[in-house]
Visitor: 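Dumping the structure here so I can ask a few things about it.
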Protein chains: 2
Amino acid sequence: MTISTEELFMDLDRSGPIPLYYQIARRMQEAIERGDLAPGSRIENELKLAEHLAISRPTIRRAIQELVDQGLLVRRRGVGTQVVRGRLTRSVELTSLYDDLSISNRSPTTKVLLHEEMRPSAEILESLTLPADATVLHIKRLRFSDGVPFALLENYLPPEFLTLTAEQFEKHGLYQLMRARGTTMRVARQTIGARVGTAEEAQLFDQKPGSPVLVMSRTLFDQSGHAVEFGEHSYRPDLYSFEVTLVEK
Amino acid sequence: MTISTEELFMDLDRSGPIPLYYQIARRMQEAIERGDLAPGSRIENELKLAEHLAISRPTIRRAIQELVDQGLLVRRRGVGTQVVRGRLTRSVELTSLYDDLSISNRSPTTKVLLHEEMRPSAEILESLTLPADATVLHIKRLRFSDGVPFALLENYLPPEFLTLTAEQFEKHGLYQLMRARGTTMRVARQTIGARVGTAEEAQLFDQKPGSPVLVMSRTLFDQSGHAVEFGEHSYRPDLYSFEVTLVEK
DNA sequence: GTATTCCTAATGATAGGACAAAGGGACATG
DNA sequence: CATGTCCCTTTGTCCTATCATTAGGAATAC
C-alpha cells in the first residue's frame, strides 16, 4: 500500500535560499508526474514522512498542501493522503501566453498592429484606478504560433509603461517586459466568454465572417495592489482553450 | 495609515466547531467588501494583530493567507499587507451552476432531455478511470434562468449513480444530489473553449444556426481521488461567462 | 448475526518561539 | 549631490508541542 519514499527525498539543501517545503513539494510533484507515485496510492503519513526526512510536521504539511492546491493530492482526515486518479493537465497559472508557448516550444511571434498613447474610456480608467486626466498606452498585437495567427491581444497600460516601444513588444512578451522593469505580478482577475468575431478578427484569424471567438478580459495587479494591466484578448477557438483546476477548500 | 481593527474582530467563538482562522478570514473579507478596509490601505502587522486578537501568529497568518489566495490582499515582506485596489469579482469556485444561480436569486429550472444507461466511449472510460465493461449514467439537461434557456449540460456518471432518477434531476442540481449521497467533491479539472453551436444547441438556445457557444468540459474527483463526473457543457455566451482569479505563488 | 461502542490512526487546529530575508528609510561618506 | 551602508520593520521559514476531530476497523453486547 504505502510506497517507498526514502530514496526520493534525499539531499535536501538546508542552507540554500530555496525553502525546504518547496524542495519537497517539487520532488513529490515530479514523482507523481513520472508515475513513481501511482494514482490512487496512499503516501506515508505526515508524522513518518517528517521523521524520515528529518523535518518538522508543519513543513511536510506545507509541502503536501502545495500539491493539494494543485489538485494532485487529496487528503482525508483519519485516512491519509492519496494521489488523485486521472490524467494530468497543466492548469492556468499567472504566466503570460508568450511564456506558455515558449515553454512548449511553439516559437511564438508577435506583430504589433497598434501602439499609441490615448485617453482611455471611463471603464478602463476605473479598471486601472487612474485619475480622470491620465494617459495610457494602448497596444494591439497579433500573436502567431508556428506562423499561424491565433490570438488578438488588446492591452491598456498605466502611464509608467508609456516608454515601452513597439519594437520591444515585437521581441518580448508583455509580462517579460513588466518583470524587466521591476513589476511583480500578484493577482489577476479574468472573465472568459465567447462571442461572434468581428470583421477584423475574422480577417486576421483567416476565418469566415461570423465565426466564433473565445474572449478573455483581465485586470492584473502588482505586489502593492495597483492595477498594472487591463487587457481584452480574443482567440481562435480551434487553436486555443483555457485549463482550470479547482480545489474545494 | 493603519486602520482600526479592534472592533471588527471581537466575539470570536473559541469553543464552537468553526476554526478561528476561518472566522477571522470571513470577517476581514466582509470588512473589505463593505469598504471598511479601504483598497490600498495597509492592515496591521501580524504580530500586533495576533496580540490584539489574543491568538497566535500562525493563526492570524493563516487567516490572511485565505484572503491572499482569494486575491483580496497582497503581502510584501518588509512592508506589510495591503488590500488590493480594484473592483471585486467573485471567482469560479467548486460549486455547481445550480448553486451559483440559487445564490444570486435567479430561480434556476431544469429540463431533463435524456436519461439513460449506456456503455461509454473509450475517452469517457479513461476520464472516469472505469473498466472497459462498465455502464454509466448519461444525462442531458437544459438549464433555464428565469425561464430563459442558457446552458446545455451533458454528463456521464459512474455506476454508483445509476439509481438517480430523471425526476431528481428536474428538482435538484447534480452536486446537491451527489452531496446527499455522501460524495464529497474535491478537485475539478476544466477546459474552457468556444465553438460553433450545433443545430440542436441553436434550436434549444433560440439562436440562429451557426451562432457561437461557450463550452466547458470537466472531470470531477471525490475525496478519495476517484473520478465521479465527466461533463461537457455548452452555454449561450451572451448569458454566461466564467470568472477566474489567479494568484502568483 | 447484527448493531453499537470503542479504539486507533491519521489529518486538522492552535500555540509560541527563533531566526532569516527583504524593503525602505536614515545616515554617513565620497 | 549622489551613492553606498546600516538598521528597523515586517513577512517568510522552520521548529516543538498539544489537543481536537474524523474515518474505519475491531471488539463487544444484545
Side-chain angles (χ1 to χ4, degrees), chain A residues 1-2 5 12-26 41-69 73-83 182-184 186 222-225 247-249, chain B residues 1-2 5 9 12-26 41-69 73-83 182-184 186 222-226 247-249:
Chain A
M1 252 337 123
T2 311
T5 51
L12 293 174
D13 178 10
R14 299 184 106 86
S15 58
I18 302 158
L20 281 176
Y21 78 88
Y22 186 78
Q23 295 181 47
I24 296 167
R26 280 302 283 268
S41 65
R42 274 207 295 276
I43 67 174
E44 244 180 336
N45 76 59
E46 297 176 350
L47 290 171
K48 285 206 174 123
L49 268 176
E51 192 188 339
H52 285 157
L53 300 178
I55 57 169
S56 71
R57 191 173 159 221
T59 302
I60 186 65
R61 261 180 84 73
R62 180 148 182 198
I64 291 172
Q65 191 60 46
E66 291 271 314
L67 301 197
V68 170
D69 290 342
L73 295 179
V74 212
R75 349 168 74 140
R76 268 193 300 169
R77 186 191 297 202
V79 179
T81 304
Q82 288 173 287
V83 181
T183 301
T184 309
R186 273 298 153 76
D222 71 4
Q223 77 279 7
S224 62
V247 178
E248 176 84 348
K249 297 220 168 169
Chain B
M1 248 349 116
T2 313
T5 50
F9 304 113
L12 293 174
D13 179 8
R14 301 185 105 86
S15 58
I18 302 158
L20 282 174
Y21 77 87
Y22 187 79
Q23 295 181 47
I24 297 167
R26 279 304 284 267
S41 65
R42 274 206 296 276
I43 65 174
E44 246 180 333
N45 78 58
E46 297 177 352
L47 289 171
K48 285 207 173 120
L49 268 177
E51 191 186 340
H52 284 155
L53 301 178
I55 57 169
S56 71
R57 194 176 159 218
T59 303
I60 186 64
R61 260 182 83 73
R62 179 142 182 203
I64 292 171
Q65 191 60 45
E66 290 272 312
L67 301 196
V68 170
D69 291 341
L73 295 179
V74 250
R75 343 168 79 141
R76 268 192 300 169
R77 187 191 297 200
V79 177
T81 304
Q82 289 175 287
V83 181
T183 301
T184 309
R186 273 296 155 77
D222 71 4
Q223 76 279 6
S224 63
H226 287 96
V247 179
E248 176 83 350
K249 299 222 166 168

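Chain letters run A, B, ... following the sequence lines, proteins first, then strands; residues in each count from 1. Since we're looking at a predicted model, the values are computed, not measured.
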Visitor: Would you name the heavy atoms of B:V74 and A:D222 that are closest together and state the gap between them?
Guide: CG1-O, 3.9 Å

Visitor: Are side-chain heavy atoms of B:I60 and B:I24 found at a separation under 4.5 Å?
Guide: yes

Visitor: To check you understand the geometry: which heavy-atom pair defines the closest contact between A:L47 and A:R57, and what is its length?
Guide: CD2-CD, 3.8 Å

Visitor: Is any side-chain heavy atom of A:E66 closer than 4.5 Å to a side-chain heavy atom of A:D69?
Guide: no

Visitor: Scan A:P58 against the nucleic acid and name what it touches under 4.0 Å (heavy atoms): base, sugar-phosphate only, or nothing.
Guide: base

Visitor: Rounded to whole angstrom units, what separation is found between the CD atom of B:E51 and the P atom of C:dG17?
Guide: 12 Å

Visitor: Give the C-alpha distance, both sets of side-chain angles, the deciding distance and a yes or no for side-chain contact (heavy atoms from CB on, under 4.5 Å) between B:L67 and B:T81.
Guide: CA-CA 11 Å; B:L67 301 196; B:T81 304; over 6 Å; no

Visitor: Would you kindly give the CD1-to-P distance between B:I60 and D:dG12, to the nearest whole Å?
Guide: 13 Å

Visitor: From the options C:dA10, D:dC14, C:dT14, select the nucleotide whose nearest atom is closest to the side chain of B:T59.
Guide: C:dT14

Visitor: Could you state the atom-to-atom distance from CG of B:L49 to P of D:dT11 in whole Å?
Guide: 8 Å

Visitor: Using whole Å, report how far CZ of A:R61 lies from P of D:dT13.
Guide: 17 Å

Visitor: Report the distance from atom CD of B:Q65 to atom C1' of C:dA13, rounded to the nearest whole Å.
Guide: 16 Å

Visitor: How close or far is atom C1' of C:dT14 from atom CD1 of B:I18, stated in whole angstroms?
Guide: 16 Å

Visitor: If I compare all heavy atoms of B:R75 with all of A:R186, which pair ends up nearest, and what's the gap?
Guide: O-NH1, 3.2 Å

Visitor: It should be established whether A:Y21 places a side-chain nitrogen or oxygen under 4.0 Å from OP1 or OP2 of nucleotide D:dT13.
Guide: yes

Visitor: Between B:L47 (CG) and D:dT13 (P), how many Å, whole number?
Guide: 16 Å

Visitor: Just N and O in the side chain of B:T81: are any of them under 4.0 Å from OP1 or OP2 of D:dT11?
Guide: yes

Visitor: Over how many whole Å does the gap from A:K48 atom NZ to C:dT11 atom C1' extend?
Guide: 15 Å

Visitor: Nearest to the side chain of A:I55 - D:dC15, C:dT14, C:dT11?
Guide: D:dC15

Visitor: So which nucleotide from D:dG12, C:dA13, D:dC14 ends up closest to the side chain of B:R75?
Guide: D:dG12

Visitor: Compare every heavy atom of A:S224 with every heavy atom of B:R76, then report the nearest pair and how far apart it is.
Guide: NH2-CB, 3.3 Å

Visitor: Assign a letter to each nucleotide of nucleotides 18-27 of chain C from its 5' end: B, base within under 4.0 Å of a protein heavy atom; S, sugar-phosphate only; -, no contact.
Guide: B--BBSS---

Visitor: Taking any heavy-atom pair under 4.0 Å as a contact, classify A:S56: base, sugar-phosphate, or nothing.
Guide: base

